[in-house]
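For reference, the structure discussed in these notes is given below.
Both backbone and side-chain heavy atoms feed into the values below; hydrogens, waters and symmetry mates do not. What you see is a predicted model, and the numbers here were worked out from it, not measured in a lab.
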Amino acid sequence: MLNRQLKRKKFTFLSIFVIWLLVVVDVYFLLNNIESKDYKYLYLLPLSYAISMSIFLPLIEKTCIYKRGVIYYLAQIVLAYRYLLLPLACMYTEINGGWTASATNGFGIEPKEESMFLAILWMCSEIFVAECTIYIAMKVIAKMENKRKLLIKNISLKEEFFKRSVLVKIYIICAFILLIVFQPQLFSQFMILDDNFSVGDNSADGSFFKVIFLAFKFCFLMIGFSFCAKKYKKGKNYIWLVISICFLIIYIGYSIGISRWSMILPTIASIVILKRIYNIPKMFIAIVMFIMFLGVLNMTYFKYGYLLDSNQNSIISIILIVFQQSNEYISGPRSIAQGLEMLDVYNNSIGISTFFNSFFSGFAGLASLTNDANKLQSFFNYYAIGIALEDKPLICPIIIEGIAFFPIFPWIFICIFEFMACILDYKSKVCLNYEDVFLILYIGLWFSLCFNGNTKTEMAQLSQIIPCIILFKLNRIIGWKN
């Protein structure tokens with residue numbers, strides 16, 4: 001016990017030392033290379049990150065009593081990227097010129113200098129709130145774990161897939177018949193992107209069929225994993241691992257779209273489960289991750305190929321474009337500044353109806369009931385781009401939603417998603433049903449990416465797994481009765 005505590009203290013000290021070392025390098029480059037007044041306070045971001053981690057990392061390490069998983073570490077990676085690498089991305093764009101077709105620093109209008117300063121201050125506050133929330137979550141988890149240990153004392157537990165899967169199999173058969181009759185186009189677009197960079201459920205006509213197809217894909221993948229896992233336990237033949245990967249490829253093939261996370265997150269969740277079942281070596285995981293990386297590069301090339309520099313290596317050019325897009329994809333100071341100015345313009349148009357329209361607009365089955373014109377996401381795109389584009393390409397930062405709807409405590413959504421990400425990370429470690437673990441990992445990983453999206457993004461992903469949660473629960477109840 002003392003040895004473990006000593007190792008944690010050494011790890012904490014080393015981590016904080018490395019963070020401050022990186023911050024010093026960051027600040028040096030930022031102060032010596034940025035001439036624009038808009039970004040002259042950018043050095044505050046890495047400094048606020050270092051101070052926040054110096055305060056909360058020792059508390060988190062001292063409080064945490066379970067072996068943390070991918071959800072927790074992804075949340076921390078996102079925060080590290082946002083405060084250590086994002087400022088460098090802004091600096092690179094400022095020095096080398098904008099990455100868009102019109103050579104601007106990003107999509108939409110250029111924010112005012114005072115708006116950029118306020119945006120940086122808001123970002124500085126976000127890191128303290130996020131790390132404090134993670135610390136509080138660890139305290140709650142410690143109580144949950146102590147209670148769990150008392151409940152399972154002297155009880156033998158075993159991880160497994162469905163004990164009985166009759167109801168899930170019935171759903172798969174019925175859903176397949178329903179979809180093949182009324183939505184046959186869903187099964188004709190495997191690994192093929194259309195003009196809107198989407199396949200699969202995006203091609204479904206109506207929210208009802210979209211929900212049916214989303215649940216169908218999850219159930220198909222879990223039944224495939226379950227079948228292979230049971231066969232493997234009988235003969236220990238790794239051919240079943242290969243077949244499991246084939247099931248994952250089929251799932252991704254009908255899910256791939258404009259969001260590269262639709263490939264990354266199910267792959268990460270699947271690797272975690274497959275590692276627990278087959279005890280696969282790290283080399284195999286590295287190979288799968290490398291293949292996934294190539295897939296992400298290919299999707300990026302398909303989407304932004306017209307922006308590539310013909311005089312530069314394609315892979316390097318793609319990586320640089322993604323790097324420069326950080327401002328848009330991870331709620332950088334430019335996006336937040338645009339959001340602050342948008343609130344000033346549309347302040348009188350934002351009300352309680354705007355909240356419900358914004359909150360449920362991504363919820364499968366309810367999106368069609370919302371008013372698209374009265375959403376914060378729409379206002380943000382109207383202001384930033386100046387035209388009403390159907391796909392609303394710009395993501396309204398989550399802190400802007402908080403300022404608009406809960407000005408008393410604007411960080412409320414950040415607190416909710418970071419807290420739930422930590423709780424789900426713990427649940428993914430102690431849950432014994434692999435099918436539930438997959439759903440926990442899937443939504444938990446999305447919650448850890450809350451700075452990459454907003455409430456609409458998170459609710460859209462949550463709505464996808466709700467039918468499966470209900471179905472798996474009913475299936476388990478039927479299994480118990482039998």
Side-chain angles (χ1 to χ4, degrees), residues 69-71 144 148 151-152 157-179 200-201 207-233 240 243-244 247-248 250-252 254-255 262 265-278 363-366 420-421 423-447 458-482:
V70 292
I71 300 174
M144 294 169 64
R148 187 186 74 91
L151 291 173
I152 66 171
L157 300 173
K158 183 176 68 173
E159 292 182 317
E160 60 185 355
F161 270 108
F162 307 100
K163 285 187 177 180
R164 286 183 173 85
S165 55
V166 176
L167 187 60
V168 178
K169 290 175 181 176
I170 291 174
Y171 174 81
I172 290 176
I173 295 170
C174 294
F176 178 77
I177 294 172
L178 186 68
L179 292 169
D201 54 88
S207 298
F208 173 75
F209 289 111
K210 183 174 182 178
V211 172
I212 294 293
F213 188 57
L214 289 169
F216 170 80
K217 290 188 296 181
F218 278 122
C219 292
F220 171 81
L221 184 62
M222 290 301 100
I223 287 294
F225 280 180
S226 175
F227 174 78
C228 293
K230 289 172 182 176
K231 291 291 184 181
Y232 169 77
K233 287 182 179 180
W240 298 110
I243 297 174
S244 295
F247 276 106
L248 175 61
I250 293 172
Y251 171 86
I252 291 174
Y254 284 111
S255 303
S262 63
L265 299 190
T267 302
I268 293 175
S270 298
I271 287 175
V272 171
I273 291 176
L274 296 178
K275 189 178 186 303
R276 283 161 69 165
I277 297 171
Y278 300 97
F363 212 94
L366 297 177
M420 288 305 303
I423 296 297
L424 292 173
D425 184 64
Y426 166 71
K427 289 289 185 181
S428 72
K429 288 290 185 176
V430 300
C431 183
L432 300 174
N433 300 304
Y434 287 130
E435 66 273 15
D436 291 341
V437 172
F438 181 85
L439 297 180
I440 290 170
L441 286 168
Y442 181 82
I443 193 60
L445 288 168
W446 272 107
F447 284 172
E458 305 301 336
M459 289 301 102
Q461 302 307 319
L462 180 61
S463 68
Q464 290 185 19
I465 68 168
I466 287 177
C468 285
I469 294 173
I470 297 171
L471 184 63
F472 292 168
K473 183 68 175 177
L474 291 174
N475 182 76
R476 198 168 297 124
I477 292 172
I478 292 173
W480 289 336
K481 288 182 177 180
N482 291 335

4.5 Å side-chain heavy-atom contact, [X] and [Y]:
X    : Y    : value
E435 : R476 : yes
F209 : L178 : yes
F438 : L221 : yes
V168 : M222 : no

For the student: nearest non-hydrogen atoms of [X] and [Y], plus distance:
X    : Y    : result
N475 : V166 : OD1-N, 3.6 Å
L471 : C219 : CD2-SG, 3.4 Å
L445 : A269 : CD1-N, 4.3 Å
M144 : K427 : CE-CE, 3.8 Å
L214 : Q464 : CD1-CG, 3.4 Å
G444 : A421 : O-CB, 4.1 Å

One pair to check against side-chain contact (heavy atoms from CB on, under 4.5 Å): S270 and F225. What are the steps and the verdict? CA-CA 9 Å; S270 298; F225 280 180; 3.7 Å; yes
Which distance, rounded to the nearest 0.5 Å, do you find between the [atom1] of [X] and the [atom2] of [Y]?
X    : Y    : atom1 : atom2 : answer
M459 : Q461 : CE    : CD    : 10.0 Å
I470 : I465 : CD1   : CD1   : 10.5 Å
Y442 : L462 : OH    : CG    : 10.5 Å
I423 : I440 : CD1   : CD1   : 11.5 Å
L274 : S244 : CG    : OG    : 5.5 Å
L441 : I71  : CG    : CD1   : 5.0 Å

Determine the interplanar angle of the F220 and F216 rings, folded into 0 to 90°, and report it as parallel if under 30°, tilted if 30 to 60°, perpendicular if over 60°. parallel
Could you check whether the rings of F218 and Y251 sit parallel, tilted or perpendicular, using 30° and 60° as the cut-offs? tilted
Only one of Y232, F227, Y278 forms a ring pair (Phe, Tyr, Trp, His ring centres under 6.0 Å) with W240, so which one is it? F227
If you apply the rule side-chain contact (heavy atoms from CB on, under 4.5 Å), what do you find for F472 with L439, and how did you get there? CA-CA 10 Å; F472 292 168; L439 297 180; 3.5 Å; yes
